Amino acid sequence: MEARRRSMKGASVDQRKDSDSVKASDALPLPLYLTNAVFFTLFFSVVYYLLLRWREKIRNSTPLHVVTLSEIAAIVTFVASFIYLLGFFGIGFVQSLVIPRSSDEEDLMDEDEIIDYDRLMLKEDTRAVPCAAQSDDCKLLSSPRLNKKIIDDDAIPLSSEEDEEIVKSVVEGKTPSYSLESKLGDCRRAAVIRREALQRITGKSLTGLPLEGFNYEAILGQCCEMPVGYVQIPVGIAGPLLLDGREYSVPMATTEGCLVASTNRGCKAIYASGGATSVLLKDGMTRAPVVRFGTAKRAAELKFFLENPLNFEALSLVFNSSSRFGRLQSIRCAIAGKNLYMRFTCSTGDAMGMNMVSKGVQNVIDFLNNQFPDMDVIGISGNYCSDKKPAAVNWIEGRGKSVVCEAIIKEEIVKKVLKTDVASLVELNMLKNLTGSAMAGALGGFNAHASNIVSAVFIATGQDPAQNIESSHCITMMEAVNDGKDLHVSVTMPSIEVGTVGGGTQLASQSACLNLLGVKGACMEAPGSNARQLACIVAGSVLAGELSLLSAIAAGQLVKSHMKYNRSTKDIPSI
């Protein structure tokens with residue numbers, strides 16, 4: 001039996017050698033490199049020819065659908081060469097990807113040692129919905145055998161020998177790391193395998209980065225790709241913040257000492273003075289594609305067309321058809337030579353709305369192509385939006401939610417709670433936030449530390465942290481009122497970009513923080529009211545933070561408080 005097994009193994013090895021000696025590229029009439037060169041030349045030649053013909057038809061006002069025999073031949077050649085080039089530079093290269101084990105050492109492997117990686121995973125992800133909705137299926141796909149041997153709390157518990165083989169496959173580059181979720185059908189198991197493979201590839205330990213205690217199905221396809229764990233950020237509570245007659249306990253996720261305590265002191269001063277009042281001035285998310293024409297005159301014609309009130313109704317119908325909640329509000333255009341930037345503004349309900357407005361803009365662009373066939377769409381975003389960048393257009397016109405929040409702090413509260421006086425605060429605000437920021441050439445930065453509070457609330461409630469850039473645009477104003485006894489303080493924030501549905505707001509921790517504020521999810525009775533209320537809470541929290549920090553600076557307490565609460569001596573050796 002042993003001899004028979006060895007003879008069969010030798011035969012199988014010989015068969016693999018014979019099959020590998022014959023390649024698909026051998027059937028080509030030319031050598032592979034010459035075939036590639038021919039198809040490359042054909043592809044770029046016909047593309048250049050078709051572009052020339054298209055340009056000539058536009059100049060001569062010839063219908064594009066009228067084609068000659070030579071153009072038909074060029075189109076057929078283009079399709080054929082394109083299909084060939086999809087094979088990534090030739091049949092031989094594709095074959096090397098499909099049959100990775102082609103070396104002599106692998107061909108001579110013992111039959112018992114040859115690993116069938118396809119057997120260990122699903123061929124493809126056949127689920128119609130994300131893993132979060134298929135939790136039962138995910139459990140069935142995971143291995144029932146558990147490895148009970150765990151060295152320490154941070155060790156990776158591989159479920160079975162199959163997982164060990166998959167890790168080796170990822171390390172060797174035979175299985176792409178990004179495909180683990182779809183092939184395994186188990187999001188947590190994919191994270192475990194990816195993490196172990198990463199440690200072996202880099203030789204670096206991920207001890208200290210938590211893995212357990214997180215729902216990886218919840219982030220599949222919406223929040224984070226290729227996870228290997230999660231980062232812990234402590235969440236503190238500032239408040240109660242008395243805003244518009246309601247009390248809020250504001251969650252703040254931060255690693256900066258003093259921030260929550262300082263904001264909490266500002267909330268205390270506002271509460272003791274009767275609370276703060278907020279007003280939402282504007283609510284509209286923006287997206288600005290850039291298109292190009294042959295001449296500046298032609299670009300101006302589209303600008304006039306878009307800004308003509310008679311055309312707005314037709315454009316809004318096209319835009320609004322992409323969403324139940326997206327409603328076009330305005331279109332503002334700017335020209336740079338023959339390039340046109342179109343800034344669309346629309347309401348987006350309780351969502352932050354970037355995807356919503358982008359879909360509506362794409363609908364309008366498709367509609368405009370019929371009226372302006374010579375319009376060349378360069379990009380769906382031309383930075384005139386402007387997203388995740390400091391920009392004067394957001395500071396002046398607003399983006400997302402524009403909010404102003406104010407409060408009158410009584411004289412005795414300024415002295416007892418804030419430990420300073422009204423005159424000192426007014427002078428400091430003028431010289432620091434207004435004059436100092438102007439000297440620095442600030443853009444929307446006429447405040448003490450608005451971004452501190454915005455970032456902390458954004459992370460806690462599942463907002464996009466990168467949008468802290470424009471959301472932190474703020475001007476802080478302070479003025480003595482009531483015969484100079486009391487302090488009027490306000491913050492004006494023209495571009496707070498928040499939502500209560502979609503993105504990170506659907507994760508358990510962030511959803512809990514939104515629920516604490518009473519703005520979780522979408523408001524069915526008044527769509528958009530939850531997101532608008534969240535924007536007002538952000539502005540109210542910034543008001544409290546500004547009030548407290550400026551008071552600490554005016555009283556000379558800033559350094560003392562940071563030395564007490566924002567320094568750790570745990571890792572400093574004693575001398």
Side-chain angles (χ1 to χ4, degrees), residues 129-130 219 221-223 280-291 306 312-333 341-369 377 379-389 391 393-394 397-403 458 461-471 494-507 510-511 514 519-536 538:
V129 295
I219 65 173
Q222 66 176 5
C223 289
L280 188 122
L281 306 173
K282 190 186 298 184
D283 181 9
M285 182 50 65
T286 64
R287 174 60 85 196
V290 54
V291 298
L306 291 172
F312 182 80
E313 183 178 355
L315 293 172
S316 63
L317 287 175
V318 174
F319 185 99
N320 298 344
S321 64
S322 65
S323 171
R324 290 184 300 158
F325 301 104
R327 293 296 176 264
L328 184 64
Q329 296 175 348
S330 65
I331 306 174
R332 177 184 175 88
C333 299
Y341 297 82
M342 305 172 285
R343 193 172 193 256
F344 292 79
T345 304
C346 81
S347 59
T348 57
D350 283 304
M352 183 270 290
M354 284 301 303
N355 292 334
M356 193 181 300
V357 66
S358 296
K359 288 193 298 182
V361 167
Q362 187 62 57
N363 278 8
V364 174
I365 289 177
D366 295 340
F367 172 78
L368 292 175
N369 271 324
V377 181
I380 190 67
S381 175
N383 274 11
Y384 188 50
C385 310
S386 174
D387 187 43
K388 302 176 183 177
K389 292 165 284 291
V393 67
N394 293 336
E397 296 189 3
R399 187 172 195 255
K401 277 72 175 170
S402 300
V403 182
F458 269 32
T461 59
Q463 311 304 313
D464 188 340
Q467 290 183 321
N468 160 72
I469 295 175
E470 60 267 41
S471 296
S495 50
I496 302 177
E497 300 171 357
V498 293
T500 57
V501 297
T505 66
Q506 300 179 89
L507 301 181
Q510 290 81 345
S511 180
L514 289 171
V519 294
K520 177 182 175 181
C523 180
M524 296 295 101
E525 295 78 15
S529 61
N530 280 352
R532 290 190 287 268
Q533 186 61 36
L534 178 58
C536 292
V538 170

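Remember, it's a predicted structure, so these values are computed and weren't measured experimentally.
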Any heavy-atom pair between the side chains of Asn383 and Tyr341 that's under 4.5 Å?
no

Among Arg399, Arg287, Arg343, find the one that has a salt bridge (Lys or Arg N to Asp or Glu O under 4.0 Å) with Asp387.
Arg399

Please name the pair of heavy atoms, one in Met342 and one in Leu306, separated by the smallest distance, quoted to 0.1 Å.
SD-CD1, 3.1 Å

Tell me, please, which residues at least two apart from Gln506 pass side chain to side chain contact (heavy atoms under 4.5 Å, CB included).
Gln222

Sequence-distant partners of Ser330, side chain to side chain contact (heavy atoms under 4.5 Å, CB included), two or more places apart:
Thr345

What distance separates Ser316 OG from Ile331 CD1, expressed to the nearest 0.5 Å?
8.5 Å

With sequence neighbours left out, which residue pairs that include part of residues 348-368 fulfil the salt bridge (Lys or Arg N to Asp or Glu O under 4.0 Å) condition?
none

Salt bridge (Lys or Arg N to Asp or Glu O under 4.0 Å) against Arg327, all qualifying residues, sequence neighbours excluded:
none

Ser511 and Lys520: which non-hydrogen atoms are nearest, and at how many Å?
OG-CE, 2.8 Å

With Ile365 via side chain to side chain contact (heavy atoms under 4.5 Å, CB included) - residues at least two apart
Pro289, Val361, Gln362, Asn369, Met375, Val377, Ile380

Show the numbers, then the answer: is there a side-chain contact (heavy atoms from CB on, under 4.5 Å) between Val318 and Asn363?
CA-CA 6 Å; Val318 174; Asn363 278 8; 4.0 Å; yes

Intermediate values then yes/no, side-chain contact (heavy atoms from CB on, under 4.5 Å), Val290 and Tyr384:
CA-CA 8 Å; Val290 54; Tyr384 188 50; over 6 Å; no

All salt bridge (Lys or Arg N to Asp or Glu O under 4.0 Å) counterparts of Asp464, not counting sequence neighbours
Lys388

Met356 backbone acceptor or donor facing Ser323 side chain under 3.5 Å:
no

Between Lys401 and Leu534 (side chain of the first, backbone of the second, donor and acceptor by atom type, cut-off under 3.5 Å), is there such a pair?
no

Side-chain donor or acceptor of Ser347 paired with backbone N/O of Gly326 under 3.5 Å:
no

If you compare all heavy atoms of Val357 against all heavy atoms of Phe344, which two are closest, and at what distance to 0.1 Å?
CG2-O, 4.4 Å

Starting at CD of Gln467, measure out to CD1 of Ile496 and round the result to the nearest 0.5 Å.
12.0 Å

CG on Asp283 to OG on Ser402, rounded to 0.5 Å
8.5 Å

